[in-house]
Structures are given as structure tokens and as C-alpha cells.
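Shown next, in C-alpha cells, is the structure this report addresses.
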Amino acid sequence: MARPLPAWRSLLFVPVTAERFVAKAHTRGADALILDLEDSILPAHKEEARAAIAAAVPRVAQGGADVVVRINRPLELAVPDIAAAVMPGVAALMLPKVMGPEHVRLLAELVTAREEALGMEVGHTRFLVLIESPAALPHLFAIAAEPRMAGMSVGGEDMATELGATPSADSMYVFAMQGLAAARAAGILPMGSMGQLAKIDDLVSYREGLRRGRALGFTTAACIHPAHVPIINEEYGASAAEIDRARRLIAAFDAAAAAGAGAVAFEGAMIDLPIVIRARRLLDRAAAWQA
């Protein structure tokens with residue numbers, strides 16, 4: 001039986017060696033907190049960062065958020081990162097610059113060995129992957145289908161750099177949508193938005209990018225600034241009005257179906273099964289956020 005997906009809307013990056021960020025992380029309202037061993041940690045401080053993981057996990061989790069650890073891409077760094085990060089309190093590893101399913105399987109083998117050594121349930125540790133190179137694009141569907149997968153994001157600054165493009169919603173659109181299709185086909189979280197990739201102070205544009213992302217099918221986004229967390233939760237979540245409307249829509253459709261109709265008028269529009277499926281998904285996710 002397939003394990004249920006985490007109902008994450010927002011994931012906030014936290015540099016694991018930055019005490020002022022670690023201390024406040026649990027107050028930020030993110031569904032998951034990503035303790036970062038990669039970009040925010042200088043090469044000379046990687047070992048220090050690994051040593052800080054075990055103490056940081058319970059601190060950032062104290063508000064109820066799940067904990068993710070982003071490891072490094074080079075294998076000589078990934079191996080000790082996995083040894084330090086796999087533990088019962090860590091729900092997932094974020095894997096950067098993933099190249100293909102074989103890459104995921106290699107890391108999964110290391111994670112399995114670590115879980116077994118710690119007496120953990122094999123499979124406890126899920127994967128969130130970042131596709132940041134054009135060379136990985138032909139393998140999106142195979143990557144998404146790997147057993148430990150929980151979510152996938154395609155694009156970002158690294159992808160734009162390799163393409164020789166300016167990072168923007170336009171330059172990443174085609175690749176982000178390919179990743180979304182692969183994630184949906186595999187039943188994992190489609191991660192991303194269609195807003196600014198690195199600009200953090202324009203909250204209006206940031207919200208607009210999330211709204212566009214939600215309309216396209218994205219459900220989950222990672223961010224680097226605490227100010228983004230409530231915006232993600234609002235735009236990738238559901239308001240009380242949306243939840244109420246979904247319940248009423250489903251009730252109207254169920255009543256029509258009981259009478260033998262496959263579609264019914266509801267608030268000036270015709271609703272049929274695909275619309276009802278979207279409404280049920282919204283209610284399922286909302287129930288998980290409120291649990």
C-alpha cells in the first residue's frame with residue numbers, strides 16, 4: 001500500500017549553523033523546515049553543519065513542522081550528509097541537482113543502509129528532488145516514479161544558468177510544467193511557483209507567482225525568507241470560503257448523482273466529475289493541514 005503524501009504547502013530553508021534562524025524556525029508557520037547543508041553552508045563549514053543536525057532537528061520541529069534536510073550533490077559530501085541526516089525526526093531529504101533515476105537509487109541505497117543501522121523502518125525517509133540541469137529533463141518521469149519520492153521541483157537559478165537564460169517565470173515555464181506533469185503522473189507533490197526566483201522583497205509579485213502556480217497545478221513551494229511562508233500557506237492552501245464552497249459543490253453533485261444525473265448546475269456553472277475530484281482533493285488537503 002502506497003504511503004500517504006505529506007500535505008506540505010510551504011517549506012522554509014534554515015541554514016543549520018545560523019543560530020538566529022534555527023532558534024526562530026519553529027515560529028514561522030511553515031509546514032516543513034529544510035535544514036540546509038548545501039548552498040547556505042560554505043565548504044569549510046560542511047562538517048560543522050553535519051554535526052549540528054542532530055541538535056537542530058528537535059528544536060525546529062517543536063512547533064509541529066516536519067523536518068527536511070537538504071544534502072549536497074557531490075558523492076563525497078552526500079555520503080557523510082546522509083549519515084548525519086537520516087534519523088527518526090527527519091521526514092525527508094532534499095536532493096539537489098538530481099540527474100536521473102540511477103542517481104536517486106544510489107542515494108536510496110545509502111539511506112536504506114543508514115535506516116537499517118539505526119533500527120528505523122526502511123522507507124521512513126522520503127525524497128524531495130530538485131532538477132536543476134537540462135541533462136536531467138529526459139528522465140523526469142522515471143525520477144518521479146522512484147519509491148521514496150514525495151515531491152519534485154524543476155527549474156531555478158542553476159537550470160537558468162546552464163541554459164544561458166535569465167531566471168524568470170517565462171524561461172522556466174516549459175520545464176516547470178514538464179516536472180509538474182511527471183509529478184502528477186507519479187502521484188507526488190508538484191513543487192514550484194511561477195514567480196521571481198531570487199527576489200525576496202517584492203511580496204506582491206511573489207504572491208502573483210504563487211497564484212499563477214496554483215492555477216497551473218502546483219501545490220507546494222520552498223522559500224528562503226520567513227515573510228514568504230504565510231503567503232505560500234494562503235495561496236497554496238484553502239480559505240474557509242473555498243472549503244465551504246467545495247463541500248456544497250460535492251453535496252450538490254452527490255444529490256444529482258443519486259438522482260441519476262452526471263452533471264448539475266451549481267452557482268451558475270455546470271459541474272461534473274473532474275470538478276468534483278478537484279473539490280475532494282482540496283478538502284483532503286485541508287483536513288491534513290488542520291490535523
Side-chain angles (χ1 to χ4, degrees), residues 6 8 10-99 103-104 106-120 124-133 148 150-151 153 156-158 161 191 197-198 200 221-229:
W8 295 332
S10 57
L11 299 96
L12 174 65
F13 281 101
V14 181
V16 70
T17 55
E19 170 59 25
R20 65 191 181 99
F21 294 123
V22 171
K24 293 184 178 180
H26 70 284
T27 70
R28 302 304 192 181
D31 295 328
L33 296 161
I34 307 169
L35 296 175
D36 192 24
L37 299 178
E38 196 209 18
D39 284 350
S40 67
I41 305 296
L42 294 173
H45 298 155
K46 298 293 187 184
E47 187 172 347
E48 175 191 353
R50 291 185 199 107
I53 288 287
V57 168
R59 293 182 67 196
V60 301
Q62 64 185 292
D66 290 321
V67 180
V68 177
V69 177
R70 180 166 70 169
I71 67 171
N72 289 276
R73 167 62 175 86
L75 195 59
E76 67 270 19
L77 298 178
V79 171
D81 285 351
I82 288 170
V86 172
M87 63 184 72
V90 172
L93 301 182
M94 178 171 276
L95 314 181
K97 302 174 179 65
V98 167
M99 297 305 298
H103 182 186
V104 176
L106 174 62
L107 297 180
E109 184 176 335
L110 296 171
V111 171
T112 294
R114 185 60 179 162
E115 288 172 337
E116 289 176 340
L118 294 174
M120 295 170 57
H124 165 89
T125 311
R126 310 294 289 272
F127 286 169
L128 302 176
V129 304
L130 306 180
I131 307 298
E132 300 172 287
S133 168
R148 287 184 183 266
S153 175
E157 295 278 344
D158 288 297
T161 298
M191 300 172 58
L197 299 180
I200 63 173
C223 60
I224 60 174
H225 196 283
H228 293 166
V229 171

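Atoms considered below: every heavy atom in the structure, side chains included; atoms not considered: hydrogens, waters and symmetry mates. Here the structure is a predicted model, which means the values were calculated and not measured.
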Original post:
Nearest heavy-atom pair of A25 and V60: which atoms, and what distance?
Top reply: CB-CG1, 3.8 Å
Original post:
What residues, two or more places apart in sequence or in another chain, satisfy side-chain contact (heavy atoms from CB on, under 4.5 Å) together with P43?
Top reply: none
Subject >> Non-hydrogen side-chain atoms of D39 and R70 separated by less than 4.5 Å >> reply: yes
Original post:
Short question: side chain of D36, backbone of F13 - any donor-acceptor pair under 3.5 Å?
Top reply: no
Subject >> Between CD1 on residue I41 and CZ on residue R50, distance to nearest 0.5 Å >> reply: 10.5 Å
Original post:
How long is the gap from CD on E115 to CE on M87, to the nearest 0.5 Å?
Top reply: 12.0 Å
**OP:** Ignoring hydrogens and angles, tell me if any N or O in the side chain of R126 forms a donor-acceptor pair with the backbone of A150 under 3.5 Å.
**Re:** no
Original post:
Does any non-hydrogen side-chain atom of V98 lie less than 4.5 Å from one of F127?
Top reply: no
Original post:
Looking only at atom types and distance, does a side-chain atom of S10 sit under 3.5 Å from a main-chain N or O of D31, one as donor and one as acceptor?
Top reply: yes
**OP:** Ignoring hydrogens and angles, tell me if any N or O in the side chain of R148 forms a donor-acceptor pair with the backbone of T125 under 3.5 Å.
**Re:** yes
**OP:** Compare all side-chain heavy atoms of P88 with those of M120 and state whether any distance is below 4.5 angstrom.
**Re:** yes
**OP:** Considering non-hydrogen atoms only, spot the tightest contact between M94 and M191 and give its length.
**Re:** CE-CE, 4.1 Å
Subject >> K46 bridged to E76 by N-O distance under 4.0 Å >> reply: no
Original post:
Is there a donor-acceptor pair under 3.5 Å between the side chain of E109 and the backbone N or O of L106?
Top reply: no
Original post:
What do you reckon, is CD of Q62 surrounded by more than 12 foreign heavy atoms closer than 6.0 Å?
Top reply: yes
Original post:
How far does CZ of R73 sit from CG of D158, to the nearest 0.5 angstrom?
Top reply: 12.0 Å
**OP:** Compare all side-chain heavy atoms of C223 with those of V229 and state whether any distance is below 4.5 angstrom.
**Re:** yes
Subject >> Derivation and outcome, side-chain contact (heavy atoms from CB on, under 4.5 Å), residues L37 and L35 >> reply: CA-CA 7 Å; L37 299 178; L35 296 175; over 6 Å; no
**OP:** State whether the side chain of R114 and the backbone N or O of A83 hold a donor-acceptor pair below 3.5 Å, judged by distance alone.
**Re:** yes
Original post:
Taking L93 as the fixed residue, which of I82, V129, V68, L128 is the one that meets the side-chain contact (heavy atoms from CB on, under 4.5 Å) rule?
Top reply: I82
**OP:** Please round to the nearest 0.5 Å and tell me the distance separating atom NZ of K97 and atom CD1 of I131.
**Re:** 11.5 Å
Original post:
Does some side-chain heavy atom of I71 sit less than 4.5 Å from a side-chain heavy atom of P96?
Top reply: yes
**OP:** Indicate yes or no: at least one non-hydrogen side-chain atom of I53 is less than 4.5 angstrom from one of V57.
**Re:** yes
Original post:
Between H26 (side chain) and A65 (backbone), is there a donor-acceptor pair under 3.5 Å?
Top reply: no
